[in-house]
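These notes are about the structure you will find just below.
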There are 2 protein chains.
Amino acid sequence: MGRLPLFCDLSPQILAEITSEASVVKYARNDIIFRQGDPPTALRVVLDGQVGLTGTVSDGGETMVEILKAGEMFIAAAVLTEKPFLMSAVALQPSRILSLPGERFRRDVRERSDLSYLMLTSLSRHFRTLVREVKDLKLKSAAQRLALYLIGLTAKREGSTIVRLPHSKSVIAARVGVRPETLSRAFGHLKERGVIVEGNAVSIADIPALRAYCHEGEEII
Amino acid sequence: MGRLPLFCDLSPQILAEITSEASVVKYARNDIIFRQGDPPTALRVVLDGQVGLTGTVSDGGETMVEILKAGEMFIAAAVLTEKPFLMSAVALQPSRILSLPGERFRRDVRERSDLSYLMLTSLSRHFRTLVREVKDLKLKSAAQRLALYLIGLTAKREGSTIVRLPHSKSVIAARVGVRPETLSRAFGHLKERGVIVEGNAVSIADIPALRAYCHEGEEII
DNA sequence: GAGCTAAATTGACCTCGGTCAATTGCCGAA
DNA sequence: TTCGGCAATTGACCGAGGTCAATTTAGCTC
């Protein structure tokens, strides 16, 4: 746990205290961790695997707001406000999830200023990614959002690369905010921009060009 | 300032310290307070008036992510992370804005656990409204989002009411995430649901029915 | 390897919301 | 009062993405 980027700023001693009541649960692929509307009982941290957070309406509409990987914590806002979950969480891969009981966690946050400061900066960063999300949804096309997603998969900023898609295409479609059919077509559009798909391997011929495409017409970021 | 809901939990003494370097600036209608991409120099609080936060792309696309009224603080996340603004801020009405210099504010937050806890809960609530925003954008129609907006204007939950629109229709359109033309048509659709518009007065015949409409097909909130 | 199921792709069609243009209504200034 | 300008509405049209259905492909088990 000390290796998680989230908590590595805390001293081992504090870390031990905070996690003294924590428990670890394993989930199989497609297991539901909690449902939209449930009361938040614990802060969760992904130890291994992948977790998807999806908002749903009963007529079948569903959207994946976030995909989390190992080391990321989630639902901090729900636990802190003690309000029902706005999203459901599902294990996209076999996963181990750490639970920090809510009552205890809220007390720790209230009493330990180092922890509350840590949570604050973490939530701030997270907040900004959500703002970006809102802007992208309103202002960018499906193909641009897909390009953004692909670029997020690599750390390289120059030349070309080949990335492996870490999820099934339908999960990616939900993440990008379109139907699977539209995702296929969006990949088709990106072919003209040097993106070639083979199974779950995607080769990007010109990273800067693709970056330029998805920020097309943008003033400043 | 002590009257602001945001800070009223703090003792007057602490409040005085925190605001010791604060300044107040007046803005006329349509004045730009800061631009997307600017570095964040200060946390802002709306004392009077209204402020809109808009994300823009240079090809003309623009979307209003938030509208703030008196008592609300904004851009906390940018100030805390010291990253450039993701949005521009414009005064929608003549406004007085309080500025808390960033460097000082970050120090206060780091050193005062009561302040950092306050910021944390405030940001958590804010975070959840953004999550709702993302879900609404992906899963609801323009008319449903307009209905949500209208319902947010009244505290009543039963019977009928008449609300005054607090902004021009074009501002509301941006807020709802559509073009002004589409807003007109959305109002047209809502007419069938007992919503009648006359200038900036809107009468809602059946509040529960309208609430049901915008949460149509939703499992749990 | 055969055969089954789920995922992915492709095509035809539709709908919502955007775009462009024309018209109407409203308000302030001369 | 009349004019000018902006906000708002209305209509005609367009296009991105959704929907539905038909194939194709991939990943399985047996």
Side-chain angles (χ1 to χ4, degrees), chain A residues 28-30 52 56-57 59-64 90 92-94 136-149 164-192 195-202 213-214 216-217, chain B residues 28-30 52 56-57 59-64 92-93 136-149 164-192 195-202 213-214 216-217:
Chain A
R29 192 159 187 273
N30 294 326
T56 52
V57 297
D59 59 7
E62 178 167 334
T63 182
M64 186 155 306
V90 57
L92 300 176
Q93 296 292 335
D136 291 346
L137 276 175
K138 288 204 199 176
L139 300 173
K140 296 199 204 291
S141 70
Q144 281 177 310
R145 295 202 303 272
L146 172 58
L148 275 172
Y149 172 81
R164 306 204 93 236
L165 299 177
H167 323 283
S168 71
K169 297 246 173 79
S170 18
V171 169
I172 293 173
R175 176 71 260 276
V176 170
V178 297
R179 302 277 123 188
E181 299 93 319
T182 305
L183 187 78
S184 283
R185 287 163 185 139
F187 270 121
H189 292 142
L190 292 186
K191 197 168 290 179
E192 299 164 10
V195 174
I196 296 162
V197 196
E198 272 179 50
N200 64 358
V202 177
Y213 168 65
C214 55
E216 194 148 273
Chain B
R29 193 161 186 273
N30 293 326
T56 51
V57 297
D59 59 7
E62 178 166 333
T63 182
M64 185 156 306
L92 300 175
Q93 297 291 335
D136 291 346
L137 276 175
K138 288 203 199 175
L139 299 174
K140 296 199 204 290
S141 70
Q144 281 177 309
R145 295 202 304 271
L146 172 58
L148 274 172
Y149 172 82
R164 309 204 90 237
L165 299 178
H167 322 285
S168 71
K169 296 241 173 81
S170 16
V171 169
I172 293 173
R175 176 72 259 278
V176 170
V178 296
R179 303 275 122 187
E181 299 93 318
T182 305
L183 187 78
S184 282
R185 288 164 183 139
F187 269 122
H189 292 141
L190 292 185
K191 197 169 289 178
E192 299 163 11
V195 174
I196 296 161
V197 196
E198 273 179 50
N200 63 0
V202 177
Y213 168 65
C214 54
E216 194 148 274

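Numbers restart at 1 for each chain; the letters A, B, ... are given by sequence-line order, proteins then strands.
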Could you check if a side-chain atom of B/V178 sits within less than 4.5 angstrom of a side-chain atom of B/R145, using non-hydrogen atoms only? yes
Using whole Å, report how far NE2 of B/H167 lies from C1' of D/dA7. 16 Å
Sorted by chain and number, sequence neighbours left out, side-chain hydrogen bond (donor to acceptor under 3.5 Å, both in side chains) with A/K169 holds for none
d(CD, B/Q144; P, C/dC16) in whole Å: 11 Å
Output the rounded distance in Å from CG (A/L165) to C1' (C/dT9). 15 Å
By side-chain hydrogen bond (donor to acceptor under 3.5 Å, both in side chains), A/N30 pairs with (sequence neighbours left out) none
C/dG18 P sits how many Å from B/E62 CD, rounded? 14 Å
For B/L148, give me all partners under side-chain contact (heavy atoms from CB on, under 4.5 Å), at least two apart in sequence or on another chain. B/D136, B/K140, B/C214, B/H215
Protein-nucleotide distance (B/I196, atom CD1; D/dT9, atom C1'), rounded to Å: 18 Å
Using the test salt bridge (charged side-chain N to carboxylate O under 4.0 Å, His left out), find all partners of B/R175 that sit at least two apart in sequence or belong to another chain. B/E133
Between D/dT24 atom C1' and A/K169 atom NZ, what is the distance in whole Å? 13 Å
B/L137 atom CG is separated from C/dG17 atom C1', nearest whole Å, by 13 Å
So with a 6.0 Å cut-off around NE2 of A/H167, is the heavy-atom count from everything else above 12? yes
Atom-to-atom span, CD1 of B/I172 to P of D/dA7 - whole angstrom: 14 Å
Any chance you could measure A/M64, atom CE, to B/K138, atom NZ, to the nearest 0.5 Å? 9.0 Å
Quick check for you: to the nearest 0.5 Å, what is the distance between A/T56 atom OG1 and B/L139 atom CG? 8.0 Å
Between the opening five pairs and the closing five pairs of the helix from C/dG1-D/dC30 to C/dA30-D/dT1, how far apart are the helix axes, to 10°? 30°
Protein proximity profile, nucleotides 15-23 of chain D - base contact B, sugar-phosphate-only contact S, no contact -, cut-off 4.0 Å on heavy atoms: --SSBB---
When you check the phosphate oxygens OP1 and OP2 of D/dA8, does a side-chain N or O of B/S170 lie under 4.0 Å from one of them? yes
Which atom pairs, one a donor and one an acceptor, fall under 3.5 Å between side chains of residues 180-187 of chain B and the rest of the protein, sequence neighbours left out?
none

